[in-house]
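Down below is the structure, laid out as structure tokens.
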Amino acid sequence: MEGRLKTTRPVARVRMIEDIVAIEGRPYDDLVTARNIHDLFRATAFHAGDAKALTVQQSEDPDGGAAVLTHRDLLSQVTRAANMFHRLGLASGKGVAAFLSPTLPELPPLLWGAQVAGAASSINHLLSRQAIFDLLDAEQATILVVPARAVDEMCWSNALGALEAVPSLRQVIVIGGDTEGLSGYMRLDEALEGCAADALAFEATSDRDAICALFHTGGTTGRPKLVRLTHGNHIHAAFGFAQVFGYDEGDSVLNGFPFFHVGGTMTVGLSVIAAGGHVIVPSPYGMRLPAVVERYWDIVAHHKATVVGGVPTSIGAVTNSWKPGTDVSSVRMAVTGGAVLPKAVGRRFTATTGIRLFETYGMTETAAAIAFNPGYGSPVAGSVGFRAPYSQTRILRLHSDEPEICDANESGIVQVRGPQVFPGYVDPAHNEGTLDADGWLTTGDVGYLAPDQRLFLTGREKDLIVRSGHNIDPAAIEDVANQFEGVEISAAVGMPDQYAGEVPALFVVATAGAELDMAALRRHLETHVHERPAWPRSIIKIDALPVTAVGKLFKPALRDRAIAEKVRLEAERICGSSVEVQADVRLDERKRTRVEVTIAGATAEQAGALDAALKPLPQTYEIRRTQGSI
């Protein structure tokens, strides 16, 4: 049976769209044989059993010890974990196993084992305790997996009280240590005792449409937005990445993403392993540790990595830690995605390291797979590449009452359809305006298709603020601000940032007659907004929020004001508070944002410094200096 199963290694080398079309000329099931994700591990264990599959370093020191699994080992651990979760009551369509943990060596096989048995969710362990409880409740989690106190004090402490606070939760499994005698807690080694590793003790689903994962993609209170992903979504995303990036058993890929993000689980996770490749986790805390960033190129050289990368902020950071003379001859590509890549960051990375940078584009709702620059092709600057095989991408005209397909090079709303597109959110109300009856997913991004079918992104319509690849739901900020005395209404949008891509900016309208204490409002936000990255960089008081003709909030106007606020902040930092500055924001014929900046009272050197500061941002800025008043 295992011999019938195929890995996702490339069936042909992809360089252009014609290569993708040629793949699509073959029957899908001839190429994609897996019916569930357990089949993926069975295939790689059969075809690449003795090769390394997963390495998790204990620390940033590549010589400091690591847990290493071959593909055969990984299958055994995933199988044993699946049997454990099945014994604990997890089944397809019944129960959810939630994980609150950094990427310890035990985490990936446990997570995948839970997906084989039923459904799994990996929660952002940086969230506040209350936000974690709210997510567990929204997911109807039945099992929670956490590290022992001695392994990770923060995760352990944040899980305390979950059994009492979350009605659906029945069991807590503890990795790497003692349960401290808590009722309902069980050590992982005890839970695994007697569970077979050589075969599943139950029949795995053969339905690719069965839900196997939940991902949180916005909101932490009230109605968190939870994405449901199927076995088929995972299988197809893994297949798509492998075909276009060229992942195979010769690849060793550095994975610095957390496993609560689809970048970690899919882009440089399951997609690599399903092709017979080797995933290297540089530390349980990924790239969050400054020491990992500092030793990044030592790790690359030690493991002879073939693929490196990260979100744009990580790309900038590892460029700074580059050590001249480092042997990177094994590296064939660097991958970036999760946020807009500032052109200057990309250019500096390649100029410094000599490694070509390939952009990719995806979202949680597509298991990270929408478009890719072919790993054996030539990346085009500014393009996120070609669509995944057996999927479709189309561009719809903006503000049209009926769907109208854009011409080549004409910007519009990006939509995608294919086996990687999710079946909908846990709360069906969130599907409205996102997923239609024909399976088309509206991404919320604006872009255009070139004549050769490469996708270029030119802007974003969706409201999520993407800070260093991390999605921030504006409602999580607005709901807190609106509770503050003296605030009538508020709206949060992304303000461009050279390092993070976007940071939150909050616009507030005061209640009539109220004196708004802005310093107290900031303290209130920093106390009650659960995620530190969601704390607003700027809080701007305005008379009224912009609305459409029918009274709906019009956030594009606020995004323009946030751009103007960014210009003001940079001008004040460089030139001092005495200068006058005005920013006029407009869209060109391709719907790209252009900003005309007029500055009065600045020297030529200061104007040049302002121009240099604004250049890394995704908008185009033109600086005009004047001596008179604006």
Side-chain angles (χ1 to χ4, degrees), residues 15 241 244-246 253-257 261 263 267-268 287 293 296-297 300 305-324 326 328 331-363 368 370-386 414 445-448 450 452 454-460 466-470 494-503 563 566 570 590 592-595 611-621:
R15 293 185 175 87
F241 274 108
V244 187
F245 276 174
V253 181
L254 213 54
N255 182 352
F257 288 94
H261 190 286
T267 308
V268 284
M287 300 288 286
V293 175
Y296 186 83
W297 296 106
V300 171
T306 60
V307 180
V308 300
V311 295
T313 50
S314 296
I315 293 296
V318 300
T319 304
N320 293 334
S321 67
W322 169 259
K323 297 176 178 64
T326 301
V328 292
V331 179
R332 67 177 179 87
M333 67 186 294
V335 176
T336 188
V340 174
L341 175 71
K343 293 184 181 70
V345 172
R347 284 196 297 264
R348 192 164 71 90
F349 174 84
T350 298
T352 302
T353 67
I355 301 168
R356 293 190 302 172
L357 194 56
F358 294 71
E359 290 188 66
T360 183
Y361 169 51
M363 51 198 297
I370 294 178
F372 328 78
N373 273 288
Y376 288 100
S378 297
V380 173
S383 172
V384 294
F386 301 111
V414 179
D445 293 307
V446 177
Y448 65 91
D452 67 356
R454 288 184 190 268
L455 177 62
F456 290 77
L457 299 180
T458 57
R460 298 175 63 245
V466 183
R467 179 173 185 164
S468 299
H470 176 62
M495 181 170 71
D497 183 80
Q498 294 92 332
Y499 179 73
E502 287 183 329
V503 294
I563 292 170
K566 175 64 175 178
E570 291 293 340
R590 286 192 178 176
R592 295 173 299 193
T593 303
R594 296 187 176 274
V595 186
D611 183 58
L614 297 175
K615 262 198 170 22
L617 300 176
Q619 302 80 23
T620 300
Y621 293 80

Quick one, [X] and [Y] - any side-chain contact, counting heavy atoms below 4.5 Å?
X    : Y    : value
I563 : Y621 : yes
V414 : L457 : yes
Q619 : P496 : yes
V335 : V268 : no
E570 : L614 : yes

Closest approach of [X] to [Y] (non-hydrogen atoms, all atoms of both residues):
X    : Y    : result
T319 : I315 : OG1-O, 2.6 Å
Y296 : S321 : CB-OG, 4.4 Å
N373 : P379 : OD1-CA, 3.7 Å
T360 : A371 : OG1-O, 2.9 Å
S378 : R454 : O-NH2, 3.5 Å

Inset, instruction - Not counting sequence neighbours, which residues clear side-chain hydrogen bond (donor to acceptor under 3.5 Å, both in side chains) with R356? List them please. - result: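 Result, side-chain hydrogen bond (donor to acceptor under 3.5 Å, both in side chains) vs R356: none returned.
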Legend entry - F372 and V384: CA distance, side-chain angles, deciding distance, side chain to side chain contact (heavy atoms under 4.5 Å, CB included) verdict: CA-CA 6 Å; F372 328 78; V384 294; over 6 Å; no
Legend entry - Side chains of E359 and Y361, donor plus acceptor under 3.5 Å: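 Y361 and E359 do not have a side-chain donor-acceptor pair below 3.5 Å.
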Inset, instruction - For the residue pair Q498 and K566, confirm or rule out a side-chain donor-acceptor distance under 3.5 Å. - result: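 Per modelled atom types, Q498 and K566 side chains form a pair under 3.5 Å.
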Inset, instruction - Just jot down the side chain to side chain contact (heavy atoms under 4.5 Å, CB included) partners of T353, sequence neighbours excluded, or say none. - result: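 Side chain to side chain contact (heavy atoms under 4.5 Å, CB included) check on T353 returns W297, W322, F349, I355.
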Inset, instruction - Classify the ring geometry between F241 and F245 as parallel (under 30°), tilted (30 to 60°) or perpendicular (over 60°). - result: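 Correct class here is tilted.
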Legend entry - Parallel, tilted or perpendicular: rings of F456 and Y448 (30°, 60°):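 Parallel.
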Legend entry - Short side-chain to backbone donor-acceptor contact, T336 and G310, under 3.5 Å: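 It does hold such a pair.
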Inset, instruction - Determine, stepwise, if the pair Y376 / R332 fulfils side chain to side chain contact (heavy atoms under 4.5 Å, CB included). - result: CA-CA 9 Å; Y376 288 100; R332 67 177 179 87; 3.4 Å; yes
Legend entry - Trace of the side chain to side chain contact (heavy atoms under 4.5 Å, CB included) decision for V307 with L254: CA-CA 6 Å; V307 180; L254 213 54; over 6 Å; no
